2 protein chains.
Amino acid sequence: MAIEELSNSLPMMLYKALDTIMPKFRIIFKEFGITEPQARVLRILWQHETIALNELSSLSLITPPSLVGVIDRMELNGLVERNNSNIDRRKIIVNLTEKGEKLESKILPKVKKVYAEIESSMTKKDLNNTLFLLNKISLIYKK
Amino acid sequence: MAIEELSNSLPMMLYKALDTIMPKFRIIFKEFGITEPQARVLRILWQHETIALNELSSLSLITPPSLVGVIDRMELNGLVERNNSNIDRRKIIVNLTEKGEKLESKILPKVKKVYAEIESSMTKKDLNNTLFLLNKISLIYKK
DNA sequence: TATTAATAGTTAATATATTAACTAAAGTCC
DNA sequence: GGACTTTAGTTAATATATTAACTATTAATA
């Protein structure tokens, strides 16, 4: 398999994998009127309660310029709130509203069901190997 | 490693891998005034000379509504041409202009250099395993 | 063959992504 | 303490992505 062939290239295979699995998740998100980037933000906030926007950016892999709009729309939708930091006046602290909190128990079970579906389709070993290798790739240019 | 943890989830790891490698390619594309989706279209056309838009969509993993705009802009930039099919009047045939053809010898070598850089950072075996596993994932829901 | 279903391309509306530039607030260093 | 640098968040401009809906053709089938 010639790796430099476009259709077999690492980028295309990564995109193809995402195109395969993400629609399954998006169907769930749409039920609740949110998008995939918004769901990523929610999942982080379900763990953190409160978090600075820049850290939210790192964890969600959403760049700041995109994240500003994502948070804007989530705020309009009553899912999150923006607050100023007392310690560092440059920082914006994001936290969930009650509406945002309540979504966890509705969305997470359905999301986990899709994960289970994926795991059952490819052996746990393959999945772990994939994650291990993807992690290696993500470290290629670090330091 | 808890797979259902967001940061270790398959989707996030796929995104992280893409975020790691794609900027290296985009730097090249920008030199030539094109974007990443446009580069994908070019690479396909360098192999096909002429191709129907729907097949171009499948091979590039760019959905038709997005592809329409991508081709529009490439046409404006003088890289491709649209033509009607004689056989099936619904179809639009896309082909390169001379300008689009000439980019191959300039862009491909640089792209291959990045591939080589990636390969050298992670052993050929790991790369092949990754491609093999990603391929498996992309087949999960087929048939 | 008239009808119905499926396909190819497009448009529209909304949400994101990408890159560059800009403001405000900290941090550094002499 | 004032100049310089870095960081956090934002805005702007342009390009894509996503979903739904719509037009024109072609295929399928009763």
Side-chain angles (χ1 to χ4, degrees), chain A residues 11 15-16 18-19 21-42 51-77 79-94, chain B residues 11 15-16 18-19 21-42 51-77 79-94:
Chain A
Y15 282 124
K16 209 176 290 187
L18 280 169
D19 280 359
I21 62 175
M22 292 320 292
K24 296 284 173 177
F25 291 103
R26 287 200 204 102
I27 289 170
I28 299 169
F29 303 148
K30 200 174 54 173
E31 278 181 55
F32 299 94
I34 63 174
T35 63
E36 191 215 318
Q38 290 174 18
R40 274 195 258 171
V41 168
L42 281 181
I51 189 174
L53 201 142
N54 63 334
E55 202 184 343
L56 187 54
S57 170
S58 305
L59 293 177
S60 64
L61 305 183
I62 299 170
T63 58
S66 292
L67 189 53
V68 168
V70 172
I71 297 298
D72 281 347
R73 284 176 289 273
M74 293 180 77
E75 210 175 2
L76 283 175
N77 193 11
L79 297 173
V80 301
E81 287 173 349
R82 270 185 172 92
N83 288 294
N84 296 311
S85 165
N86 300 317
I87 305 162
D88 185 335
R89 288 189 302 171
R90 292 169 302 180
K91 287 193 176 175
I92 294 292
I93 308 298
V94 181
Chain B
Y15 282 124
K16 210 176 288 187
L18 280 169
D19 280 0
I21 62 176
M22 292 320 292
K24 296 284 174 177
F25 291 102
R26 289 201 203 101
I27 289 170
I28 298 169
F29 303 148
K30 200 175 53 173
E31 280 181 54
F32 299 94
I34 64 175
T35 63
E36 191 214 319
Q38 291 175 16
R40 275 195 256 170
V41 167
L42 282 180
I51 189 174
L53 201 142
N54 64 334
E55 202 184 343
L56 188 55
S57 171
S58 305
L59 294 178
S60 65
L61 305 183
I62 300 170
T63 58
S66 291
L67 190 53
V68 167
V70 172
I71 297 297
D72 281 348
R73 285 176 288 272
M74 293 180 76
E75 210 175 0
L76 283 175
N77 192 11
L79 296 172
V80 302
E81 287 172 352
R82 269 185 173 92
N83 288 295
N84 296 311
S85 164
N86 300 318
I87 305 161
D88 186 337
R89 288 188 302 171
R90 291 169 302 181
K91 288 193 176 177
I92 293 292
I93 307 297
V94 181

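Sequence lines set the chain letters: A, B, ... in the order given, protein chains first and strands last, and positions in each chain run from 1. In this text, all values refer to a predicted model and were calculated from it rather than measured experimentally.
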Between atom [atom1] in [X] and atom [atom2] in [N], what is the gap in whole Å?
{"X": "A/L18", "N": "D/dA17", "atom1": "CG", "atom2": "P", "result": "13 Å"}
{"X": "A/R73", "N": "D/dA17", "atom1": "CZ", "atom2": "P", "result": "17 Å"}
{"X": "A/E75", "N": "C/dA15", "atom1": "CD", "atom2": "P", "result": "15 Å"}
{"X": "B/L76", "N": "D/dT16", "atom1": "CG", "atom2": "P", "result": "12 Å"}
{"X": "B/M22", "N": "D/dA17", "atom1": "CE", "atom2": "P", "result": "11 Å"}
{"X": "B/R89", "N": "D/dT23", "atom1": "CZ", "atom2": "C1'", "result": "13 Å"}
{"X": "A/I87", "N": "D/dT7", "atom1": "CD1", "atom2": "C1'", "result": "16 Å"}
{"X": "B/I62", "N": "C/dT16", "atom1": "CD1", "atom2": "P", "result": "20 Å"}

Among residues at least two apart in sequence or on other chains, which ones pass side-chain contact (heavy atoms from CB on, under 4.5 Å) with [X]?
{"X": "A/V70", "value": "A/P37, A/Q38, A/V41, A/L67, A/R73, A/M74"}
{"X": "A/E81", "value": "A/N83, A/N95, A/T97"}
{"X": "B/D88", "value": "B/S85, B/R90, B/K91"}

Minimum heavy-atom separation for B/L18 to B/P23, with atom names?
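Shortest heavy-atom separation between B/L18 and B/P23 comes out as O-CD, 3.9 Å.
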For A/F25, what residues pass the ring-ring contact (aromatic ring centres under 6.0 Å, His included) criterion, not counting sequence neighbours?
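If we apply the ring-ring contact (aromatic ring centres under 6.0 Å, His included) test to A/F25, skipping adjacent residues, the hits are A/Y115.
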How bent is the helix from C/dT1-D/dA30 to C/dC30-D/dG1, measuring the angle between the end axes built from five pairs each, rounded to 10°?
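End-to-end axis angle for the helix from C/dT1-D/dA30 to C/dC30-D/dG1: 30°, rounded to 10°.
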Quick one: list whatever passes salt bridge (Lys or Arg N to Asp or Glu O under 4.0 Å) with B/E55, sequence neighbours left out.
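For B/E55, no residue satisfies salt bridge (Lys or Arg N to Asp or Glu O under 4.0 Å) once neighbours in sequence are set aside.
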side-chain hydrogen bond (donor to acceptor under 3.5 Å, both in side chains) partners for [X], two or more places apart:
{"X": "B/D19", "result": "none"}
{"X": "A/N84", "result": "none"}
{"X": "A/E31", "result": "A/K110"}

Can you list, in residue-number order, the parts of residues 27-38 of chain A that come under 4.0 Å of DNA chain D, counting heavy atoms only?
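By residue number: A/K30.
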Just to confirm, is there a sub-4.0 Å distance from OP1 or OP2 of D/dT18 to any side-chain nitrogen or oxygen of A/R26?
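Yes, within the criterion.
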Beyond-backbone contact of A/I71 with A/I92, side-chain heavy atoms, under 4.5 angstrom:
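They are not in contact (no side-chain heavy atoms under 4.5 Å apart), so the answer is no.
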Any side-chain heavy-atom pair from B/R82 and B/D72 closer than 4.5 angstrom?
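SC-SC contact between B/R82 and B/D72 confirmed.
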Give B/L67 one of three labels, base, sugar-phosphate or nothing, depending on what nucleic acid heavy atoms sit under 4.0 Å from its own.
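No contact at all - B/L67 keeps every heavy atom at 4.0 Å or more from the nucleic acid.
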Quick tally for nucleotides 2-11 of chain C: nucleotides whose base has a protein heavy atom under 4.0 Å get B, sugar-phosphate-only ones S, the rest -, giving -----BSSBB
